[in-house]
Amino acid sequence: MTAYKSEFLQILSERGFIYQTSDDDALDKLFASESVTGYIGFDATATSLHAGSLIQIMMLHWMQQTGHRPITLMGGGTSMIGDPSLRDDARKLLTPDDINANLAGIKQAFASYLNFEEQGGSALMVNNADWLMDINYVEFLRDVGQHFSVNRMLSFDSVKLRLDREQSLSFLEFNYMILQAYDFTELSRRYDCRLQMGGSDQWGNIVNGIDLGRRLHGASLFALTSPLLTTSSGGKMGKSASGAVWLNADMLSVYDFWQYWRNTEDADVERFLKLYTTLPMDEIARLAKLQGAELNDAKKVLATEVTALLHGREEAEKAAETARVTFAEGQTAADLPSISVPSAEIDAGIGLLALLVQAELVKSNADARRGIKGGAVKVNDTPVSDQAMSIGRSHLTNDGAVKLSFGKKRHVLVRVA
RNA sequence: GGAGGGAUUCCCGAGCGGUCAAAGGGGGCAGACUGUAAAUCUGCUGCAUAUGCUUCGGAGGUUCGAAUCCUCCUCCCUCCA
């Protein structure tokens with residue numbers, strides 16, 4: 001591992017964020033000598049980012065912490081096209097309305113990690129729709145298009161893989177990399193942005209931007225990519241039993257978010273502590289030494305720290321406490337995710353199957369039946385074998401709720417509205 | 001423009017007139033074992049209050065009966081021009 005002079009690169013390096021850079025020495029010098037502006041682009045294809053983007057967000061976080069200026073570039077314009085990288089088939093096209101709604105949702109999460117200018121911080125949030133939407137096609141082709149060689153573009157992985165696998169790649173998507181390169185040059189022109197970061201799959205796109213910047217403005221730009229993260233057993237980051245691990249609390253409860261990190265595989269604990277928390281390195285080293293069942297303590301720290309960054313310390317502690325009561329004591333914690341049903345329905349009695357669906361523990365009645373058959377379903381911690389079971393007022397426990405469980409880890413409280 | 005090949009359930013991929021809700025694998029979920037881990041083993045994996053319904057690119061047709069045959073359409077691929 002190279003020893004870096006700049007604090008920023010030193011931290012990124014020792015915490016495992018760096019996969020490759022375009023020019024280690026020059027970049028290090030730059031960061032050591034001045035306050036640098038750098039950016040990462042984010043898609044606007046969903047209303048929330050998920051845990052897979054967290055590593056990028058952390059890089060921006062560290063950038064700001066070490067005295068530099070991070071820019072989050074929202075892909076309002078590029079999301080109109082869709083990144084062909086690592087996708088087998090063409091994406092559905094989003095409407096401008098979709099995209100704007102998505103951008104609004106995504107912004108929420110960033111505020112937890114970065115201080116934006118509006119609030120007296122240095123971070124910027126920029127939307128590439130600002131310049132992409134007004135591009136004049138002929139002008140753009142002449143100014144920018146002349147610098148791109150199709151021969152070379154065809155050799156990029158994002159394109160080549162699709163062609164090799166005999167899958168279609170539309171011209172629209174083919175242009176994605178040009179627009180991304182153009183983004184970099186625009187940011188460099190407008191904000192003196194010198195660095196683009198991203199996942200290692202973005203390398204080609206970023207390097208294109210560097211080349212273009214040099215040709216258009218003689219700018220000296222840099223790339224820094226992070227490793228593509230998978231769990232030790234090969235799974236993709238950011239997926240859980242109930243789907244993606246969203247950052248927005250309205251899409252994934254704080255408790256479930258905490259649970260996701262709590263269930264980290266042994267082999268990933270140290271890596272994740274470094275990447276996703278801001279704990280000092282020696283503290284991480286101490287936690288990583290724990291063996292066997294003791295490692296569970298490290299996982300709890302991991303979960304609480306990651307959750308605290310996103311949702312705040314208080315919410316994180318609450319989730320931790322809820323988990324403790326639920327798992328360690330086997331009690332019903334009042335703070336589990338909950339749904340509410342109208343009082344009248346409870347009086348009449350609700351079918352268990354329907355209730356499980358409503359609680360989003362299963363996706364269909366049939367799914368619920370299968371769960372019951374397999375012994376996965378519990379009501380108030382009592383296993384259920386009767387598919388026709390009806391939940392009524394008599395099932396309410398002292399704290400006025402019914403606890404539904406699907407499997408050992410997923411619990412939902414049903415309250416009366 | 002011409003000639004051929006293809007489109008199957010979340011993904012890959014068999015099926016080529018009934019026994020097909022559709023082999024096998026992957027993924028996912030659950031159970032057992034554990035440490036709310038991994039690995040392993042087992043079960044489940046279209047919807048619906050059974051026998052019912054909807055699925056095999058789309059629309060028609062042949063047939064008692066079609067994912068399987070025919071016609072047209074859409075999209076993809078390969079070769080020729």
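Since this is a predicted model, take the numbers as computed values, not measurements. First the proteins, then the strands, lettered A, B, ... as listed; each starts at 1.
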K.L.:
Return the residues of residues 366-389 of chain A meeting this criterion: a heavy atom under 4.0 Å from some atom of RNA chain B. Order them by number, or give none.
P.N.:
A:Ala366, A:Arg369, A:Arg370, A:Gly374, A:Gly375, A:Ala376
K.L.:
Reading RNA chain B from 5' onward, which residue's closest nucleotide shows up sooner: A:Phe406 or A:Ala320?
P.N.:
A:Phe406
K.L.:
Test of understanding: with salt bridge (charged side-chain N to carboxylate O under 4.0 Å, His left out), list the residues that count as partners of A:Glu270, not counting sequence neighbours.
P.N.:
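Expected list: A:Lys274.
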K.L.:
Could you tell me whether A:Lys318 and A:Glu321 have a side-chain N and a carboxylate O separated by less than 4.0 Å?
P.N.:
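Result for this pair is no, no salt bridge flagged.
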K.L.:
With the criterion being N/O to N/O and under 3.5 Å, what pairs connect the protein with nucleotides 22-26 of chain B, and how long is each?
P.N.:
none

K.L.:
Which dot-bracket string fits RNA chain B when only Watson-Crick or G-U wobble pairs with both atom distances under 3.5 Å count, crossing pairs get [ ], and | stands for a partner on a different strand?
P.N.:
(((((((..(((.....[.....)))((((((.......))))))((....))...(((((..]....)))))))))))).
K.L.:
Between A:Arg324 and A:Val357, which has a closest nucleotide on RNA chain B that is more 5'?
P.N.:
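The residue whose closest nucleotide sits nearer the 5' end is A:Arg324.
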K.L.:
Would you mind telling me which of B:A37, B:C33, B:A48 lies closest to the side-chain atoms of A:Asn365?
P.N.:
B:A48
K.L.:
What is the nucleic acid contact for A:Thr264, judged by heavy atoms within less than 4.0 Å: base, sugar-phosphate only, or nothing?
P.N.:
sugar-phosphate
K.L.:
Taking the same atom, C1', in B:G24 and in B:U78, what whole-Å distance lies between them?
P.N.:
28 Å
K.L.:
On a whole-Å scale, what distance lies between the P atoms belonging to B:C29 and B:A22?
P.N.:
24 Å
K.L.:
Once hydrogens and angles are ignored, does a donor-acceptor distance under 3.5 Å link the base of B:U36 to the side chain of A:Lys300?
P.N.:
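Side chain to base: no pair present.
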K.L.:
If you measure from the P atom in B:U68 to the same atom in B:G61, how many Å do you get, rounded?
P.N.:
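Per the computed distance, 15 Å lies between those P atoms.
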K.L.:
Which is true for A:Gln259 with a 4.0 Å heavy-atom rule: it touches a base, it touches only sugar-phosphate, or it touches nothing?
P.N.:
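Counting heavy atoms under 4.0 Å across all strands, the contact made by A:Gln259 includes a base.
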K.L.:
Which one, B:U34, B:A48, B:G35, comes nearest to the side chain of A:Lys408?
P.N.:
B:U34
K.L.:
Expressed as a whole number of Å, how far does the P atom of B:U54 sit from that of B:G65?
P.N.:
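Pairwise P distance, B:U54 against B:G65, rounds to 15 Å.
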K.L.:
Using atom CD of A:Glu294 as one end and atom P of B:U36 as the other, report the distance to the nearest whole Å.
P.N.:
14 Å
K.L.:
Apply side chain to side chain contact (heavy atoms under 4.5 Å, CB included) to A:Glu305 and list each qualifying residue two or more places apart in sequence or on a separate chain.
P.N.:
A:Thr277, A:Leu279, A:Val301, A:Arg313
K.L.:
Using the side-chain heavy atoms of A:Asn263, tell me which of these nucleotides is nearest: B:U36, B:A30, B:G35.
P.N.:
B:U36
K.L.:
Mind calculating the distance between CD (A:Glu265) and P (B:U34) to the nearest angstrom?
P.N.:
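Checked: the CD to P distance equals 20 Å.
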K.L.:
If we take the P atom in both B:A67 and B:U74, what is their distance in whole Å?
P.N.:
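Roughly 24 Å separates the two P atoms.
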K.L.:
For A:Asn136, enumerate each residue passing the side chain to side chain contact (heavy atoms under 4.5 Å, CB included) test, keeping only those at least two apart in sequence or located in another chain.
P.N.:
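Here the qualifying residues are A:Val138, A:Glu139.
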K.L.:
Do A:Gln65 and A:Glu7 get their side chains close enough for a donor-acceptor pair, meaning under 3.5 Å?
P.N.:
no
K.L.:
Does the distance from a Lys or Arg side-chain N to an Asp or Glu carboxylate O, for A:Lys378 and A:Asp381, drop under 4.0 Å?
P.N.:
no
